[in-house]
Structure formats: structure tokens, C-alpha cells
Chemist: 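Quick one: structure below, then a few questions.
In listed order, ligands and their atoms are each counted from 1.
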Amino acid sequence: MMSVVFISLFNVPVFAATGETATTQQQQKIVNVAHRGASGHAPENTMAAFEKAFQMKSDYIEIDVQMTRDGEVVAIHDTTVDRTTNGTGFVGDFTLEEIQQLDAGSWFDEEFAGEKIPTFEEIVDAFRGKIGILIELKSPELYPGIEEKVANILMERNMHLPNNNKVIIQSFNHESVQRSKELLPNIPHGVLAGMSWADVTDEQLLEFATYADYFNPNRNMVDEELVDRVHRSGMEVYAYTVRAQEHADQLFEAGVDGIITDFPEYVYDFSGLNE
Ligand code: G3P
Ligand code: CA
């Protein structure tokens, strides 16, 4: 179920959490994407964080996927395990069996001791049909063939077919996005844009739009003008990463289509659902 928030045509208060009032002349829906799961509440890229996002009724979980030495696709953000587990070393130097022996929860809170680095297949099997999945191909240049691995896992489950609109694939590596789009033409794809793209031109946006459906920027570059230009190019905008209510409010005002956040509750506050 899509948790779409409809803001109506007249003077409707939308900034419930801040006490501010705003109006909009158009209906606007905001897609709520839980960044690495509800990672403000549970250790990122673990089943606990994804389950929390589901409980909080996010529309999507965002996951970062990389590959082990033996070719298994797993969810972890950094290219080393150092920050988010009790181990050390590069993701690509571990076998699946080795990496799954690490504790991916204690660093966040003892309550999550024993959480493991999940495989992409585990995540898909646990959550497809329950919540959307925004898949980020993380540093794919380190993992030749990861686009094919991800595509095969989705195709084995018929998730590559038209109208399966609850899966999106994105990357900062735009060549990887293009490769993936060729393998999975019916799945929407997004280009991630860090601050080096702050001055993106209309021509560059139109080029992205030849293979991407989303231009997903760092929130610091987002204003109404950028959102309008992306929309005119035919793409949607999911901005990252929100960790404060005021930043969610600013993105809402700029007219983004989706907000990628560690705290899903900041996005629902537009509707007053948390009151
Ligand atoms: O989904 C966008 C966002 O996740 C990109 O940044 O570093 O959190 O993967 P990062
Ligand atoms: Ca990510």
C-alpha cells in the first residue's frame, strides 16, 4: 500500500510538527523512503531496520547492495565492514559465510546484538509485496557483474515485469544505472546526484532522462527551480538524506516527489498523522 499524503487545494496546515502553516495550490504526494531502513531507529541495512520501516508504514526501504568475494549480493553501505559491524576489512574480501558471522547490530545498540548483514535475496523475499524496495548499487565499479546478479534475482521472482512499480534501482555510478536499465527495461531507475551535480544543466537532465526515471539529489542542492527543471525533463525527484524535521519541511515546500530519510516520522508529519 502506497502511503501517499494528499494535501488539498485550500489553506491546509501541513507542517504539523513545527506548528508552521503552509498552503499549496496543487495536490502533492510525498513518497516516504526509509533510508537504509528506518536507520534512525535500528541499525542500518539490517532486517531490524527494514522491519521497523515497514511497521512505520514507509512506502519504500532504501538498501545499499554490494558483493562478497564468492559473488553473493549483500546489503551494507560502506565498502568496509568496520563502521557497522564488529569486524574489519573490505566487503569484497569476505565470503558470504564469513560476513554473516559478523554482528551488524551491537554498534548501534546492544538491543540489536546478533543482527546480521542480510543478503539481497533475503530482503526481497521478506519484503516484496509488503513495502517498496529502492535498491542502490553501491560502488558497483568494485563489483563487476553486480548489475546482472541483481537483475537475475529480480527476474527469478518475476519482479522485472511491467507495472511492478515497487522496485527502483539507483546509483551514483551512472554507467551502472545505464547497464542495469538495459537488463531491466521495465524497472524504473534513478541517477543519484551528489553536490558535484549542483549546477546540473537542462541538457544533462535530458540526457539522464533517456535512461532514468528519477533524478535523486543531495537535499542541499534542492530548490523549487531544480525540482521544476527535473519535472520538465520527465523525471521525478527523491531527495536524500533527511535527518531533521525542518529539512523534510524544506523539501516538501520545494515540491519533491519523495523524501529519503532515516526518520520516516518526519515525512508523515506533513499529514498530521502523528498528532
Ligand atoms: O538513497 C540515497 C542515499 O542513500 C545516497 O547516499 O551515502 O546514504 O548511500 P548514501
Ligand atoms: Ca544509499
Side-chain angles (χ1 to χ4, degrees), residues 30-47 49-50 52-53 58-67 73-85 90-92 104 107-108 117-120 123-124 127 131-143 146-147 150 166-174 176-177 180 187-198 200 208 212-222 226-227 230 235-244 247-248 250-251 254 256-264 266-267:
I30 299 282
V31 174
N32 183 317
V33 183
H35 180 240
R36 312 180 195 168
S39 59
H41 301 283
E44 64 184 58
N45 282 309
T46 64
M47 296 304 254
F50 303 140
K52 184 72 180 170
S58 286
D59 297 305
Y60 284 80
I61 50 173
E62 189 255 4
I63 69 175
D64 300 290
V65 298
Q66 301 187 56
M67 206 154 75
V73 181
V74 292
I76 182 168
H77 178 271
D78 298 1
T79 54
T80 72
V81 300
D82 300 21
R83 181 178 60 85
T84 56
T85 77
F90 289 98
V91 172
W107 71 275
F108 186 86
I117 293 174
T119 66
F120 176 54
I123 298 164
V124 167
F127 290 101
I131 189 168
I133 307 176
L134 173 58
I135 303 158
E136 180 181 345
L137 303 171
K138 178 61 81 185
S139 304
E141 58 280 1
L142 298 179
Y143 310 107
I146 192 168
E147 297 86 359
V150 167
K166 295 292 280 184
V167 175
I168 304 170
I169 298 174
Q170 64 174 1
S171 185
F172 287 106
N173 182 325
H174 302 162
S176 178
V177 177
S180 178
I187 288 188
H189 282 66
V191 290
L192 278 164
M195 288 308 287
S196 63
W197 288 100
V200 66
F208 288 143
D213 308 273
Y214 296 87
F215 178 80
N216 293 346
N218 183 303
R219 65 173 180 79
N220 289 303
M221 77 171 77
V222 174
L226 176 70
V227 174
V230 175
M235 295 182 288
E236 293 191 19
V237 180
Y238 288 7
Y240 71 92
T241 300
V242 162
R243 299 185 173 100
H247 297 150
Q250 286 161 5
L251 292 172
V256 300
D257 304 286
I259 293 179
I260 301 171
T261 178
D262 292 358
F263 298 92
Y266 293 161
V267 178

Chemist: Heavy-atom contacts with His35 under 4.0 Å: which atoms of ligand 1 show up? List them by number with element.
Modeler: 3 (C), 4 (O), 8 (O), 10 (P)

Chemist: Show me which atoms of ligand 1 lie under 4.0 Å from any heavy atom of Phe172.
Modeler: 5 (C), 6 (O)

Chemist: Students should be able to answer this: which protein heavy-atom is nearest to atom 4 (O) of ligand 1, and at what distance?
Modeler: Glu62 OE2, 2.7 Å

Chemist: Do the side chains of Gln170 and Tyr214 get nearer than 4.5 Å, heavy atoms only?
Modeler: no

Chemist: Identify the residue among Val177, Ile169, Leu137 that makes a side chain to side chain contact (heavy atoms under 4.5 Å, CB included) with Glu147.
Modeler: Leu137

Chemist: Taking only heavy atoms of Asp64, which atoms of ligand 1 are found under 4.0 Å from at least one of them?
Modeler: 9 (O)

Chemist: Tyr240 to ligand 1: N or O pair under 3.5 Å?
Modeler: no

Chemist: Below a 4.0 angstrom heavy-atom separation, can you tell me which part of Leu134, side chain or backbone, both or neither, approaches ligand 1?
Modeler: neither

Chemist: Using a 4.0 Å cutoff against the non-hydrogen atoms of Lys138, which atoms of ligand 1 qualify?
Modeler: 7 (O), 9 (O), 10 (P)

Chemist: Going by side chain to side chain donor-acceptor pair (under 3.5 Å), name the residues that satisfy it together with Thr85, two or more places apart in sequence or in a different chain.
Modeler: none

Chemist: Any idea which atoms of ligand 1 are less than 4.0 Å away from a heavy-atom of Arg36?
Modeler: 7 (O), 8 (O), 10 (P)

Chemist: Any atoms of ligand 1 less than 4.0 Å from a non-hydrogen atom of Glu136? List them with their elements.
Modeler: 3 (C), 4 (O), 5 (C), 9 (O)

Chemist: Looking at every non-hydrogen atom in both residues, tell me the closest pair between Pro140 and Asn173 and how far apart they are.
Modeler: CG-CB, 3.6 Å

Chemist: So, is Thr241 polar-close to ligand 1, with some N/O to N/O distance under 3.5 Å?
Modeler: no

Chemist: I'd like to know if the side chain of Asp257 and the backbone of Val237 have a donor-acceptor N/O pair within less than 3.5 Å.
Modeler: yes

Chemist: Verify, without hydrogens or angle tests, whether Glu62 (side chain) and Arg36 (backbone) share a donor-acceptor contact under 3.5 angstrom.
Modeler: yes

Chemist: Quick check: closest heavy atoms across His41 and Asp262, and the distance to 0.1 Å?
Modeler: CD2-O, 4.2 Å

Chemist: Tell me which part of Asn216 gets within contact of ligand 1: side chain, backbone, both or neither, using heavy atoms under 4.0 Å.
Modeler: neither

Chemist: Round to 10° and report the angle made at the Ca ion (ligand 2) by OE2 of Glu62 and OE1 of Glu136.
Modeler: 90°

Chemist: Suppose we only allow N, O or S atoms; which atom of Asp64 ends up nearest to the Ca ion (ligand 2)?
Modeler: OD1

Chemist: Which heavy atom in Lys166 sits nearest to a heavy atom in Ile131, and how many Å separate them?
Modeler: CE-C, 4.2 Å

Chemist: Give a yes or no on whether the backbone of Ile187 and the side-chain of His189 come within a donor-acceptor separation of less than 3.5 Å.
Modeler: yes

Chemist: I'd like to check which ligand 1 atoms, numbered from 1 as shown, lie under 4.0 Å from a non-hydrogen atom of Gln170.
Modeler: 1 (O), 2 (C)

Chemist: Using 30° and 60° as the class limits, which term best fits the ring planes of His174 and Trp197: parallel, tilted or perpendicular?
Modeler: tilted

Chemist: For Asp59 and Ile30, which heavy atoms make the closest approach, and how far apart are they?
Modeler: OD2-O, 4.0 Å

Chemist: Nearest heavy atom to atom 7 (O) of ligand 1: which of His77, Glu44, Arg219 does it belong to?
Modeler: His77

Chemist: Examine the proximity of ligand 1 to Tyr238 and report which part, side chain or backbone, both or neither, has a heavy atom under 4.0 Å away.
Modeler: neither

Chemist: Should you measure from each heavy atom of Leu192, which atoms of ligand 1 turn up under 4.0 Å away?
Modeler: 2 (C)

